[in-house]
Amino acid sequence: MSQLELDDFYDLATPQQVAVSPDGERVAFLAQEFDPEEDESRMSLFVAPADGSREPHRLSRASDAGAPAWSPDGRYLGFIAARDPDVGRRVGREDEDEEDTDEPEDDAADDEDDTDAEDGGGGSDGPKPQVWAFDMELGGDAVQLTDHEEGVREFDWGPDGDRLVVSARDPTDEQQETLDQRRDDGPIEIERLQHKADGQGWLDDVTTYLFVVDVETGEDQRLDDAYGQGAREPLFGLQPAWGPSGRIAFASNRTERPDDSGVMDLYTIDPDGTDLRKLTDSARRSSAYEWSPDGEQLAFVSGDPDNWYEPSELWVVNPDGTEEPPMHSVTGSLDRTVAMMASPAWLDSETLLTAVGDEGHTQLIRADADEDDPERTFPALTRGRTLGFSDAAGGTVAAVVSDPQAGSDVFALDAAELDESDPDSLTQLSELNADLLADVEMPDCRRVRTENGDGGEVEAITYLPPDFDPETDDPRPVVASIHGGPMSYDAPTFQFSFAYWANQGYVVYRPNYRGSTSYGQAFAESLKGTRGDLETDDVLSVLDELVDRGWVDDERSLVTGFSYGGITTANVVTRSDRFAAGAAEHGVYDFRSTFGTDDNHLWHEWEFGLPGRSPSCSRTSPR
């Protein structure tokens with residue numbers, strides 16, 4: 001047997017989003033891979049038969065791919081990618097009667113236009129993301145379906161497959177001049193309250209609209225009333241969803257001060273841009289829209305726009321408002337949050353499937369669309385493995401399953417067998433890391449529970465070195481790895497770093513400290529209004545438990561965390577001398593300064609008050 005080496009990280013492939021074809025016979029999925037020469041990751045697109053009869057087929061190589069979605073008839077697989085323009089859009093001659101004969105030909109201008117097209121427009125350095133599609137019957141390379149100068153962020157297929165709805169930025173001439181100046185390293189001037197967004201950087205005032213695009217011709221129509229705005233739009237987008245009824249759902253914030261509000265309302269509109277309807281009441285944060293197969297209901301994830309400790313729930317709304325009440329939660333009785341990045345899927349016109357966080361575990365639940373009486377399902381997953389992205393269509397359920405010892409791969413099963421408890425009932429569709437992990441000794445993953453300083457129970461996911469016998473061996477060095485959020489949770493999963501450090505002889509533990517979700521609202525909300533004391537106590541309580549068991553040597557202890565985990569790491573090493581070393585990554589260490597320099601000002605104001613009016617904002621640990 002061998003050990004993982006640091007360079008093995010470049011050989012790792014991690015499955016991401018899955019999409020089941022409408023007939024349930026094929027599963028498309030993304031996989032994150034790495035280019036060691038460029039030291040960059042790549043997102044590649046694969047497709048596999050749902051019965052596992054052959055290995056996945058790679059569809060993309062040279063460029064990233066994202067957001068795979070099947071056309072309603074299953075013939076086309078659409079995705080978003082920033083590729084060089086489709087040659088089919090640039091060869092041949094235009095019809096003479098379509099040419100503008102009032103202006104003389106200018107080869108230099110034509111060359112400049114070509115350059116702009118290749119750059120994606122607006123003076124950028126590369127192509128912009130557009131919608132592309134593979135013809136899964138005829139084969140061949142993907143065909144470019146959109147050509148927006150500022151690129152496309154999201155899309156969905158129309159019910160007949162002959163049109164798309166996309167979200168795209170549409171700057172005015174004056175805004176375009178400002179964007180060009182920015183891209184030429186000019187000054188950045190921002191008048192918006194929401195001035196930054198994670199992954200987006202500095203914001204501007206360009207509006208994102210929905211466009212309806214003809215698949216055959218590429219012609220599009222802007223829906224002037226379907227636009228996005230609000231503090232959360234840069235993170236979540238408009239999330240267009242085109243239903244069987246013909247109407248398009250999307251998210252927007254039309255409150256009086258949208259940049260000062262975490263609200264995301266659900267709207268619907270006709271594809272010709274008429275009959276705009278608002279379905280929610282500006283009291284929630286809605287996302288992940290999914291129409292029922294008969295087009296009569298919409299399912300979506302709903303959370304409190306301010307209180308992120310409160311569990312997000314799965315809601316259903318009647319779009320025409322003919323039922324009373326018009327919308328209701330179908331998971332509120334669980335006191336469990338819909339898992340991060342999870343979306344609802346309809347098994348039929350009355351039954352929904354989604355994933356929730358359930359005590360350090362991601363659990364599929366099945367719900368009647370008319371009741372708040374969901375049931376846990378998919379016991380074949382077991383609590384020793386973690387559910388990632390999932391999707392369902394055509395009687396097939398597909399999911400990414402991460403196993404601390406076997407790695408992460410894509411699996412499928414018949415929706416009629418969701419209650420099957422035998423782990424072997426799952427059909428494995430991929431073996432992305434079989435060669436990498438074949439001869440590697442993998443850690444033993446265990447749940448450790450203990451009491452914290454307040455007498456409550458706290459849990460940690462713990463990885464033991466493969467050569468360690470906890471009954472007889474001497475204690476090992478330990479690494480505490482603290483998750484971010486804090487509204488998040490750790491579950492048994494394969495991650496390269498945990499397997500690597502366990503291979504090096506370290507015990508690695510991941511504490512689900514107070515503030516973590518998946519244990520109910522009271523546990524998560526116990527952190528509200530305070531920082532440092534509770535999390536530090538929980539991290540140290542688990543360390544004490546591991547020492548008492550004789551597993552770890554706290555004279556050789558390390559602590560690390562990213563984002564909120566970085567904040568907690570800093571608190572741990574300043575409030576205690578139990579750890580010999582700490583590495584705090586991307587943490588925040590002064591709430592007063594961060595209020596004006598990051599994108600979390602709404603959350604900070606809700607929980608601690610405005611800087612200058614509340615002493616809580618002057619430090620990370622109000623007392």
Practice prompt. Rounded to the nearest 0.5 Å, what's the gap from CZ on R232 to OG on S286? Could you check?
Written response: 13.0 Å
Practice prompt. Using salt bridge (charged side-chain N to carboxylate O under 4.0 Å, His left out) as the criterion, list what pairs up with D259, not counting sequence neighbours.
Written response: R192
Worksheet item: Is a salt bridge present between E177 and R183, judged by a nitrogen-to-oxygen distance below 4.0 Å?
Response: no
Worksheet item: In terms of side-chain geometry, is the basic nitrogen of D64 or R83 positioned less than 4.0 Å from the acidic oxygen of its partner?
Response: no
Discussion item. Going by ring-ring contact (aromatic ring centres under 6.0 Å, His included), name the pairs with one or both residues in residues 233-288, residues two or more places apart or in two chains.
Written reply: F250-Y267
Item to complete: For E137, enumerate each residue passing the salt bridge (charged side-chain N to carboxylate O under 4.0 Å, His left out) test, keeping only those at least two apart in sequence or located in another chain.
Response: R75
Worksheet item: For S430 and V410, which heavy atoms make the closest approach, and how far apart are they?
Response: OG-N, 2.9 Å
Worksheet, complete the sentence: Heavy-atom nearest pair, W70 first then S21, reads NE1-N, 3.4 Å
Fill in: Inter-residue atom distance E189.CD - H195.NE2, 0.5 Å rounding
14.5 Å
Discussion item. Within this structure, what is the OG1-CD distance for the pair T146 and Q130, rounded to the nearest 0.5 Å?
Written reply: 4.0 Å
Discussion item. Just to verify, what does F134 make a ring pair (Phe, Tyr, Trp, His ring centres under 6.0 Å) with, not counting sequence neighbours?
Written reply: F79
Discussion item. Does either side chain, that of R254 or that of S252, offer a donor lying less than 3.5 Å from an acceptor on the other one?
Written reply: yes
Worksheet item: Hey, are the side chains of Q194 and D599 touching, using non-hydrogen atoms and a 4.5 Å cut-off?
Response: yes
Discussion item. For a side chain to side chain contact (heavy atoms under 4.5 Å, CB included) check, start with the C-alpha distance between D373 and D368, then their side-chain angles and the critical distance, and finish with the verdict.
Written reply: CA-CA 7 Å; D373 187 26; D368 187 311; over 6 Å; no
Discussion item. I'd like to check the salt bridge (charged side-chain N to carboxylate O under 4.0 Å, His left out) partners of E607; sequence neighbours left out, ordered by chain and number.
Written reply: R531
Practice prompt. With rounding to the nearest 0.5 Å, note down the distance linking CG in L429 to CG in D409.
Written response: 9.0 Å
Fill in: Donor-acceptor under 3.5 Å (S167 side chain, L210 main chain)
no
Worksheet, complete the sentence: In short, salt bridge (charged side-chain N to carboxylate O under 4.0 Å, His left out) pairs touching residues 336-353 with sequence neighbours left out are R336-D358, R336-E359
Worksheet item: S60 side chain to L45 main-chain N or O, any donor-acceptor pair under 3.5 Å?
Response: yes
Worksheet item: When you measure from the side chain of K196 to the backbone N and O of T597, does any donor-acceptor pair fall under 3.5 Å?
Response: yes
Worksheet entry | Residues which pass salt bridge (charged side-chain N to carboxylate O under 4.0 Å, His left out) with R366, listed by chain and number, not counting sequence neighbours | E375, D419
Discussion item. If you define the side chain from C-beta out and look only at heavy atoms, does anything of L352 sit under 4.5 Å from L347?
Written reply: no
Response to the item:
Rounded to the nearest 0.5 angstrom, the OH-CG distance for Y209 and D220 is 13.5 Å
Worksheet item: Tell me the salt bridge (charged side-chain N to carboxylate O under 4.0 Å, His left out) pairs involving residues 304-319, sequence neighbours left out?
Response: R284-E310
Worksheet item: At what distance, to the nearest 0.5 angstrom, does CZ of R153 lie from CD of Q239?
Response: 8.5 Å
Worksheet item: Does a donor on one side chain and an acceptor on the other come within less than 3.5 Å for S329 and D372?
Response: no
Discussion item. Could you work out, with ring pair (Phe, Tyr, Trp, His ring centres under 6.0 Å) as the rule, every residue matching H361, not counting sequence neighbours?
Written reply: none
Worksheet item: Taking all non-hydrogen atoms of both residues, which atom of A342 and which atom of A288 are closest, and how far apart?
Response: O-CB, 4.3 Å
Worksheet item: Does any donor atom in the side chain of T14 or Q32 lie under 3.5 Å from an acceptor atom in the other side chain?
Response: no
Worksheet entry | Any donor-acceptor pair under 3.5 Å from H483 side chain to Y564 backbone | no
Worksheet entry | Qualifying residues under ring pair (Phe, Tyr, Trp, His ring centres under 6.0 Å), relative to H586, sequence neighbours excluded | F562
Response to the item:
Heavy atoms of A50 and A412 approach each other most closely as O-CB, 3.8 Å
Worksheet item: What are the two closest heavy atoms between L314 and T331, and how far apart are they?
Response: N-OG1, 2.9 Å
Fill in: Minimal non-hydrogen separation, W132 against D84, with atom names
CH2-O, 3.3 Å
Worksheet item: Which residue pairs pass the salt bridge (charged side-chain N to carboxylate O under 4.0 Å, His left out) test with at least one member in residues 270-280, sequence neighbours excluded?
Response: R247-D270, R247-D275, D265-K278, D275-R277
Worksheet item: Out of T337, T517, T362, which one pairs with Y489 under the side chain to side chain donor-acceptor pair (under 3.5 Å) rule?
Response: T362
Worksheet, complete the sentence: Sequence neighbours excluded, the answer for ring pair (Phe, Tyr, Trp, His ring centres under 6.0 Å) partners of F29 is F46
